[in-house]
Participant: 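Here you go, one structure.
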Amino acid sequence: MRKRTPRLVRKLGTGILQDVRARIPWYRSDWTDAWNYRVIPATALIFFANVLPGIAFSLDLIETTAQYGVAEVLISSFMAAFIFSVFGAQPLTIVGVTGPITVFNKTIYDIIERQPDGPNYLQFVGWVYLWAAIFHWITAVLNWCNFLKYVTLFSCDTFGFYVSWVYLQYGVQVVTRQFSGSSSDLDGALVGIILALLMVVASFLFQTLSETTYFHRHVRRFFADYGMPISLVATTGMAYWGRFNATNPITLPVGGAFRAANGRDWLVRFWQLDGKWVGIALPFGIVLWILFFFDHNVSSLIAQGSQFPLRKPPGFHYDFFLLGISTFIAGLIGVPAPNGLIPQAPIHTTSLLVMGRPLKKDMDEEEQISRTPSRTMTKHIDEKSLDPSSQQEVAVAVVEQRVSNLAQGALCLVLLSGPFLHVLGLIPRGVLAGLFWFMGADALQGNGITLKLLFLLRDKSLTPPNEPLREVRKSRLLLFVTVQLIAFGTTFAITQTIAAIGFPVVILLLVPLRALLIPRLPFTPEELSILDGPTASPFTMESVGGSL
């Protein structure tokens, strides 16, 4: 008699297989759909929004540990972009070096330095990354990404709020570190503050102009697409003009072209580490796995949020398996491990939006779906399905492709060449501080916590009558926001202490907090449905078994 395969064994890896089968039919169109102008501004925007914050985040790690350099950050960004744009199921998700991993690596360095017989840092981190990679692969094979069905806007908004404030905090740190030198550097530090403010003001000025009725709509879209890169280049140029140049503002520290920090080999022989330290690296690997499990998957969810008219299927299980591969490679070559980025991932999707007039209201739902842009050629809009009486443009499609992610990663590799590395070294740190402030403040504008707080402050007579939050009792709205702010404050406070190594655990606890505690508080089901909801559309959540 034929023996039946155990139920658990038959289910192993089904999430990965389903993701691959769902995405393969669209792989060719992922490249052909890139023949669209939206790819050009998306590449420029996300390149500046990814590589420069990644380098700035790593400044503390670079200067205090001397184990990493700018080359390591650029190599890590290129590796992540190549893997996830060419092989990934969710190429819209931007993967790179961000604040949490630099905090994590810096905390490990501080702990090791206190040990009288401490191990080689890069070898120890190599084992941490290997352990984390193994847990990534186990998670993907056991379909644990289905846990994402419990992740709602409560968790995403709270984590996004935390990341936004981390950006603002790092901007302040970049500025204040310039005052730690000699008194002769004071003028340069003060100019750095001026440059930071100029960067913020110029970026928001372009953004504001893009949302007004001034200029032609193509000019307004140009401001939205290139406002931040133009502001960065112009503000950098200001540092070398007149008296600003005489102060010698502090710039980025760059090394040799394609050279690792301290002239070491790119290969880290982590297998030579003593056995006791291999075991000690295990709990650190578990903490890193927890961080990436939440951070990367939430970044993917937000990049494919319900506000984006996406047509191509996602693949969370498969992409998390790939993240394990990139984590292992990062430890092998001694670079910071990359993972999904907030707010860069949703910025990337937003920059790829195709705008047009809303669909005619008199069409039935089936006809509207049939007339919306096809899954494979999002750049062709059927004019017959658009409402000519409406002057307001809405998002009608997203250019879903792989080229913009791959191109911005390739530009990171180009920066490692001698001439471009020299240009990178001309960027003042004050400009990076301004970039942090702009990106942090911009992300806060659309965060759910911020929107709820602004609603509480708004004059009710000037609030639109169709505003859903009007249906929620003010006391319950305050209670919901208070719980989110307490969770945010706890996470932010922990990262300021020696216990920062454990902050990923606190972040992950946001999910059971929402699932177990919030329903026990005095909210009605109707109020909870308004205050919270799924992060992505049912179409996107199919990869993880739907949403609650």
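Positions are given from 1 along the sequence.
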Participant: Assess whether atom CZ of Arg259 is packed by more than 12 heavy atoms of other residues, nucleotides or ligands within 6.0 Å.
Facilitator: no
Participant: What closest approach, in Å, do Ala133 and Gly324 show between heavy atoms, and which atom pair accounts for it?
Facilitator: CB-O, 3.2 Å
Participant: With rounding to the nearest 0.5 angstrom, report the CG to CG distance, Leu508 to Leu513.
Facilitator: 11.5 Å
Participant: Side chains of Gln401 and Ser404: do they bring a donor and an acceptor to under 3.5 Å?
Facilitator: yes
Participant: Kindly assign one of parallel, tilted or perpendicular to the pair Phe82 and Phe87, based on the angle between their ring planes and the thresholds 30° and 60°.
Facilitator: perpendicular
Participant: Taking the side chain as every heavy atom from C-beta outward, state whether Leu477 and Val481 have any atom pair closer than 4.5 Å.
Facilitator: yes
Participant: Test ring-ring contact (aromatic ring centres under 6.0 Å, His included) on Phe154 and Phe480 and set out the steps.
Facilitator: CA-CA 9 Å; Phe154 171 87; Phe480 191 85; 5.6 Å; yes
Participant: Quick check for you: to the nearest 0.5 Å, what is the distance between Leu416 atom CG and Glu72 atom CD?
Facilitator: 9.0 Å
Participant: To the nearest 0.5 Å, tell me how far Ile40 CD1 sits from Asp225 CG.
Facilitator: 10.0 Å
Participant: Using modelled atom types only, decide if a donor and an acceptor are shared between the side chain of Thr235 and the backbone of Leu232 within a distance under 3.5 Å.
Facilitator: no
Participant: Hey, is the main chain of Ile486 close enough, under 3.5 Å, to the side chain of Thr490 for a donor-acceptor pair?
Facilitator: yes
Participant: Determine yes or no for a side-chain-to-main-chain donor-acceptor pair under 3.5 angstrom, with Arg402 supplying the side chain and Ser85 the backbone.
Facilitator: yes
Participant: Provide the closest heavy-atom pair for Leu426 versus Thr251 in the form atom of the first, atom of the second, distance.
Facilitator: O-CG2, 3.7 Å
Participant: Look only at the side chain of His317 and the backbone of Ser543, and say whether a donor-acceptor pair between them is shorter than 3.5 Å.
Facilitator: yes
Participant: Within the distance-only criterion (no hydrogens, no angle test), does the side chain of Arg220 pair as donor or acceptor with the backbone N or O of Leu209 below 3.5 angstrom?
Facilitator: no
Participant: Do Asp157 and Gln484 have side-chain atoms, one donor and one acceptor, less than 3.5 Å apart?
Facilitator: no
Participant: Between Arg243 and Asp187, does any NZ, NE, NH1 or NH2 come within less than 4.0 Å of an OD or OE carboxylate oxygen?
Facilitator: no
Participant: First locate atom OG1 of Thr349, then atom CD of Glu400, and finally report the distance between them rounded to the nearest 0.5 Å.
Facilitator: 8.5 Å
Participant: Evaluate the ring planes of Trp241 and Phe244, with Trp represented by its six-membered ring, and classify them as parallel (under 30°), tilted (30 to 60°) or perpendicular (over 60°).
Facilitator: perpendicular
Participant: Between Tyr129 and Phe328, does the ring-ring contact (aromatic ring centres under 6.0 Å, His included) criterion hold? Intermediate values first, please.
Facilitator: CA-CA 6 Å; Tyr129 285 4; Phe328 168 70; over 10 Å; no
Participant: Just by distance, do the side chain of Ser203 and the backbone of Val200 share a donor-acceptor pair under 3.5 Å?
Facilitator: no
Participant: Please report the C-alpha distance between Tyr162 and Thr495 in whole Å, then the side-chain angles of each, then the deciding distance to 0.1 Å, and finally whether the side-chain contact (heavy atoms from CB on, under 4.5 Å) criterion is met.
Facilitator: CA-CA 11 Å; Tyr162 160 76; Thr495 56; 3.1 Å; yes
Participant: Do Asn405 and Leu92 come within less than 4.5 Å of each other through their side chains, counting heavy atoms only?
Facilitator: no
Participant: Which heavy atom of Pro314 sits nearest to which heavy atom of Thr540, and what is that distance?
Facilitator: CG-O, 3.0 Å
Participant: Do the non-hydrogen side-chain atoms of Ser231 and Phe438 ever get within less than 4.5 Å of each other?
Facilitator: no
Participant: How close do Leu341 and Pro346 get, counting heavy atoms only, and between which atoms?
Facilitator: O-CD, 4.3 Å
Participant: Indicate, with yes or no, if the rings of Phe320 and Phe316 have centres closer together than 6.0 Å.
Facilitator: no
Participant: Take the angle between the ring planes of Tyr121 and Tyr109 and call it parallel below 30°, perpendicular above 60°, tilted in between.
Facilitator: perpendicular
Participant: For the pair Ser164 (side chain) and Gly160 (backbone), establish whether a donor and an acceptor sit closer than 3.5 Å, ignoring hydrogens and angles.
Facilitator: yes
Participant: I want to check something: taking the side chain as every heavy atom from C-beta on, are Phe308 and Leu352 in contact at a cut-off of under 4.5 Å?
Facilitator: no
Participant: Once rounded to the nearest 0.5 Å, what's the spacing between atom CG of Leu301 and atom OG of Ser537?
Facilitator: 10.0 Å
Participant: Using a 3.5 Å distance criterion without hydrogens, assess whether the side chain of Arg177 forms a donor-acceptor pair with backbone atoms of Val172.
Facilitator: no
Participant: Is there a side-chain contact (heavy atoms from CB on, under 4.5 Å) between Phe161 and Leu485? Walk through the geometry before answering.
Facilitator: CA-CA 9 Å; Phe161 199 76; Leu485 290 177; 4.0 Å; yes
Participant: Pairing donors with acceptors under 3.5 angstrom, does anything connect the side chains of Gln408 and Asn50?
Facilitator: yes
Participant: Indicate the ring-plane relationship of Trp165 and Phe488, choosing parallel, tilted or perpendicular according to the 30° and 60° boundaries.
Facilitator: tilted
Participant: For Ser76 and Pro336, indicate whether the former's side chain and the latter's backbone hold a donor-acceptor pair under 3.5 Å.
Facilitator: yes
Participant: Ignoring hydrogens and geometry beyond distance, is a side-chain donor-acceptor pair present between Gln90 and Asp319 at under 3.5 Å?
Facilitator: yes
Participant: Should we say atom CZ of Phe258 is surrounded by more than 12 heavy atoms from elsewhere, each under 6.0 Å from it?
Facilitator: yes
Participant: If you compare all heavy atoms of Val403 against all heavy atoms of Ala34, which two are closest, and at what distance to 0.1 Å?
Facilitator: CG2-CB, 3.3 Å
Participant: When rounded to the nearest 0.5 angstrom, what is the spacing between NE2 in His348 and CD in Gln344?
Facilitator: 11.5 Å
Participant: Return yes if some donor-acceptor pair links the side-chain N/O of Arg23 with the main-chain N/O of Pro313 below 3.5 Å, else return no.
Facilitator: yes
Participant: I'd like to check Leu469 versus Leu531 (side-chain heavy atoms, cut-off strictly below 4.5 Å). Are they in contact?
Facilitator: yes
Participant: Are the aromatic ring centres of Phe84 and His296 under 6.0 angstrom apart?
Facilitator: yes
Participant: Please report the C-alpha distance between Phe215 and Phe223 in whole Å, then the side-chain angles of each, then the deciding distance to 0.1 Å, and finally whether the ring-ring contact (aromatic ring centres under 6.0 Å, His included) criterion is met.
Facilitator: CA-CA 10 Å; Phe215 307 106; Phe223 289 160; 5.6 Å; yes
Participant: Within the 4.5 Å heavy-atom criterion, are Leu406 and Trp31 side-chain neighbours or not?
Facilitator: yes
Participant: Is there a side-chain contact (heavy atoms from CB on, under 4.5 Å) between Leu432 and Leu252? Walk through the geometry before answering.
Facilitator: CA-CA 9 Å; Leu432 294 183; Leu252 283 177; 3.2 Å; yes
Participant: How far apart are the closest heavy atoms of Leu353 and Arg221, and which atoms are they?
Facilitator: O-NH2, 3.3 Å
Participant: Side chains of Val73 and Ile55: closer than 4.5 Å at any heavy-atom pair?
Facilitator: yes
Participant: Would you say that Ile75 contacts Leu413 through its side chain, given a criterion of any heavy-atom pair below 4.5 Å between the two side chains?
Facilitator: yes
Participant: For Ile507 and Asp295: C-alpha separation, side-chain torsions, deciding distance, then whether side-chain contact (heavy atoms from CB on, under 4.5 Å) applies.
Facilitator: CA-CA 9 Å; Ile507 292 174; Asp295 195 356; over 6 Å; no
